[in-house]
Amino acid sequence: MARRILVVPVNHGAGVTVACLGLVHALGSRHVAVAFCKPFAQDRGFAQDQSTELIRMATSLRPPQPISVEELDRRLAGGRLMGAMSRIVERTAEIDAENRILVLEGLAATPEQPYADRLNIETAQSLDAEVLLVGAVGSLEPERFADLVATAEQMYRSRGQSRVLGVVANRVPEGADSQAYVDAVARHHLRCVGVVGDHPDFVQPRVSDVVRNLGIQVLSGHDLGRRVARTVIAAQAVPGFIPSLAEGALIVAPGDRHDVLLSVALAEAGGTRLAGLLLTAGIAPHPDVLRLVEPALASGLPLLLTDEKTFPTAQQIVGIDQDIPADDEARARRVMEVVADGYDEGFLAELPTVETSARITPAKFEYHLRAEMSKGRVRLALTDGDDTRVLHAVSHLHRFGALQFTLLGDPAAIEAQLARLHLQLPLGSQIVNPAKDTPETAAIREALAAAGTFFEPGDPLIRALALLHTNHVDGLVGGIGEDRDRFLAAVRSAVPLGSDVRTLSSSSATMLPDEVVFFADALINAHPNAEQLACIAAQTAATARLAGLVPHVAFVAPSSWSPTAHHDRQTIAAARQMLAERRPDLRTEGPEAFQAAARRHRTPEGDATVFVFPDIASAAATAKAIGQSGGAQVHPPVLQGLAKPVNMLPMDATVEGVMDLIVATAVKAAELG
């Protein structure tokens, strides 16, 4: 897995693209396997984002295309940012696996994209990326620049830890004391890893860029690659603007100023390589004058014409986009090489030597589950076939061709719901009416009745369990509005435990801002004994591994005020010993207070991903507290230990929650094969 570095701006004109170009070139020159990706396109108003094309032109890399501005805006407006992040994980999955460093370019805030900072923060969390801050120094004093950098760094902190690995001071004025900026940044406990001078040629457009951006007419000129170093309005008589006839100057004058045209032609003939002459007001030169200046035009002097007035035209040229066009290879290579030289050698040497994080973020978690779900053809029974949340979830999951559904319910009612909601079932899905009794459903009902639990003929849960028993479906999701004990009793009667499982249990995936962890057991075992606790830990570790996590079990200590605290600690110690004997491959710790374990697993010394609680009340209270803290989301619990996957939907399930549980069930079904 690559070490991911997100490059983000501190202020306007920071130069994030050039910082990325330089970093990619510097690492590539040191034979480090490096890749690049710009997750989201920058809204540049009049043109497409060109960072990806620049990298393709100037290097041998072939990065994926960014998510378009239009798609991003639609997702943000619909509250579907997590889906966008999962798409980025999907797009970078291959290059993330094949390279040592993945450089990611963040967005710059603009009037069209005022959400850039928020999106950069979400990107850093979702991809578990470190952050490189880039700031334009310009006229800023060292302390002021350092304050801006330190303020930006605060946005990339999570639970006391910073993601920022360094700062690049860009556009440092000639003659400025660069070390003063390095020292000022260091006083905020940040490291300045790059210093780049202010090079005017970095932002010099070609005449062809001016023509393209302003939509002006070319009267003459086969040398449109000349660079525009400055823009000069010829407002004075000839003697007054002669000093402005210098190398790289683009002269702007009204079209009837033939004296200016003659003067520019003479300067060109005398060896001064001007950028060109732009005539305004839509007035073309007189043919006789053009014949006089033909030698200068023949040498390549660009002669341009626009219908606009002189002063507005000059303003447009000065305000032209300073980003490097995707076809300006010379400028791109010049910038890339100079910026690469500005990076600290020690910093570049360290980058490929640091081990990458094994954390699974919510976006990676979602991508991993959907990828696993798509590996095999799976059919799931859904007992709540006429529930609008279930129908929406099924429709949203239609793009996974390997996933098919058998919906239990009255066919006419379900078809009417689909028509009213303007939804369609995925291909291969079917609707089964549970009203018809079968020998399998009768047998399940009789077994439940003998145990004191009664179901009426035609109950969709019993019919779904019969379909699962006869292998007509691979898994089951349902139970909205069903009594939990009745649901679990029916499941236990129809579906046996796995061969090495001693108790049925549950676990919940908890989506922290930048990591996913699992809690167990918050649904079934009220106060498990040591044997049950060890089984719960082993089963939750297996669930976590199936979800892409590296399982590391933390047994959470009971609250000190609990009357059974001493006994619970003994139970945990015994469970941990049993687990060590049965699963020596699993890392464990505890008993330990949840707060301490959660803090420690953020550091390299510990990385707990599975938290096993001594009782339901503690697990449920902790999950609720984390969910209400505003920084986490708790998925509906999944059942563990059954020979075939079955899961129960909570009564208050959302469409997203239904989708999460369907995906989790499908992944388990695909694993069991």
Side-chain angles (χ1 to χ4, degrees), residues 1-8 16-42 48-68 71-72 75 82-107 119-120 122-132 134 163 165-166 326 332 336 339-340 343 347-348 350-372 374-375 514-515 548-550:
M1 182 182 293
R3 184 179 185 184
R4 295 162 294 280
I5 300 173
L6 177 65
V7 185
V8 300
V16 173
T17 301
V18 301
C20 290
L21 277 170
L23 184 57
V24 167
H25 182 68
L27 292 170
S29 299
R30 287 159 178 76
H31 306 292
V32 176
V34 61
F36 171 85
C37 176
K38 183 158 189 179
F40 303 102
Q42 186 79 53
Q48 294 294 316
D49 188 296
Q50 299 185 8
S51 297
T52 299
E53 298 305 321
L54 277 174
I55 290 289
R56 289 179 174 178
M57 175 185 65
T59 72
S60 60
L61 304 181
R62 292 296 176 265
Q65 285 293 334
I67 289 179
S68 69
E71 180 180 346
L72 175 59
R75 288 182 176 273
M82 177 55 69
M85 293 302 170
S86 295
R87 284 204 63 194
I88 294 304
V89 173
E90 180 180 358
R91 290 188 178 193
T92 59
E94 184 175 344
I95 57 177
D96 189 50
E98 294 178 348
N99 293 278
R100 189 63 182 162
I101 305 290
L102 172 57
V103 177
L104 302 149
E105 182 179 336
L107 285 180
L119 202 64
N120 289 337
E122 292 281 354
T123 302
Q125 292 178 342
S126 296
L127 297 181
D128 196 19
E130 296 167 282
V131 174
L132 185 63
V134 182
R163 291 187 175 275
L165 79 157
M336 187 169 64
V339 175
Y343 280 100
F347 168 72
L348 295 172
E350 293 166 11
L351 284 182
T353 65
V354 176
E355 290 298 319
T356 57
S357 167
R359 288 187 300 207
I360 297 296
T361 67
K364 291 182 181 180
F365 175 80
E366 183 174 308
Y367 164 71
H368 176 83
L369 288 184
R370 279 158 173 71
E372 289 297 309
S374 301
K375 287 183 177 179
D514 55 0
E515 184 170 16
L549 281 70
V550 177

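Taking a cutoff of 4.0 Å between a charged side-chain nitrogen and a carboxylate oxygen, Glu71 and Arg87 qualify as a salt bridge. Taking 4.0 Å as the cut-off between side-chain N and carboxylate O, Glu53 and Arg56 count as a salt-bridged pair.
Annotation for Ala41 and Ser68: closest pair CB-CA, 4.2 Å, computed over non-hydrogen atoms. Heavy atoms only, all atoms of each residue included: Phe347 and Leu132 are closest at CZ-CD1, 4.4 Å. For Ala326 against Met57, the heavy-atom pair with the smallest separation is O-SD, 2.9 Å. Considering every non-hydrogen atom in both Leu21 and Met336, the closest pair reads O-CG, 3.3 Å. Of all the heavy atoms in Val131 and Ala124, the pair that sits closest is CG2-CB, 4.0 Å. Counting all heavy atoms, side chain and backbone alike, Leu54 lies closest to Ala332 at CD2-CB, 4.0 Å.
Remark: Met85 CE to Phe40 CZ distance equals 4.0 Å, nearest 0.5 Å.
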Please test Asp514 against Arg163 for side-chain contact (heavy atoms from CB on, under 4.5 Å), starting from the C-alpha separation and ending with a verdict.
CA-CA 11 Å; Asp514 55 0; Arg163 291 187 175 275; 3.0 Å; yes
Hey, mind stepping through Leu127 and Thr361 against side-chain contact (heavy atoms from CB on, under 4.5 Å) and telling me if it holds?
CA-CA 7 Å; Leu127 297 181; Thr361 67; over 6 Å; no
May I have the step-by-step check of side-chain contact (heavy atoms from CB on, under 4.5 Å) for Leu165 and Val354, ending in yes or no?
CA-CA 12 Å; Leu165 79 157; Val354 176; over 6 Å; no
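Side-chain atoms of Thr59 and Phe36, non-hydrogen and from C-beta on, never get closer than 4.5 Å to each other. Side-chain contact between Leu351 and Val34 is absent, with no heavy atoms from C-beta onward closer than 4.5 Å. By the 4.5 Å heavy-atom criterion applied to side chains, Val7 and Val134 are counted as neighbours. Looking only at side-chain heavy atoms (C-beta outward), Pro362 and Met82 come within less than 4.5 Å of each other. Using a 4.5 Å cut-off on side-chain heavy atoms (C-beta onward), Leu348 and Leu23 make contact.
For Glu94, the CD atom is loosely surrounded, since the number of other residues' heavy atoms within 6.0 Å does not exceed 12.
Judged by distance alone, with hydrogens and angles left aside, the side-chain atoms of Asn120 form a donor-acceptor pair with the main-chain N or O of Leu107 at under 3.5 Å. Of the possible donor and acceptor atoms, none in the side chain of Arg100 sits under 3.5 Å from a partner among the backbone N and O of Arg3. Checked by atom type and distance alone, the side chain of Asn99 pairs as donor or acceptor with a backbone atom of Ile95 at under 3.5 Å. Arg91 places no side-chain N or O within 3.5 Å of a backbone atom of Pro39 that could act as its donor or acceptor partner.
Judged as a salt bridge (charged side-chain N to carboxylate O under 4.0 Å, His left out), and not counting sequence neighbours, Arg62 has no contacts. Remark: Thr52 engages no residue in a side chain to side chain donor-acceptor pair (under 3.5 Å) (not counting sequence neighbours).
Residue pairs meeting the side chain to side chain donor-acceptor pair (under 3.5 Å) criterion with at least one partner in residues 23-34, sequence neighbours excluded, are Arg30-Glu345.
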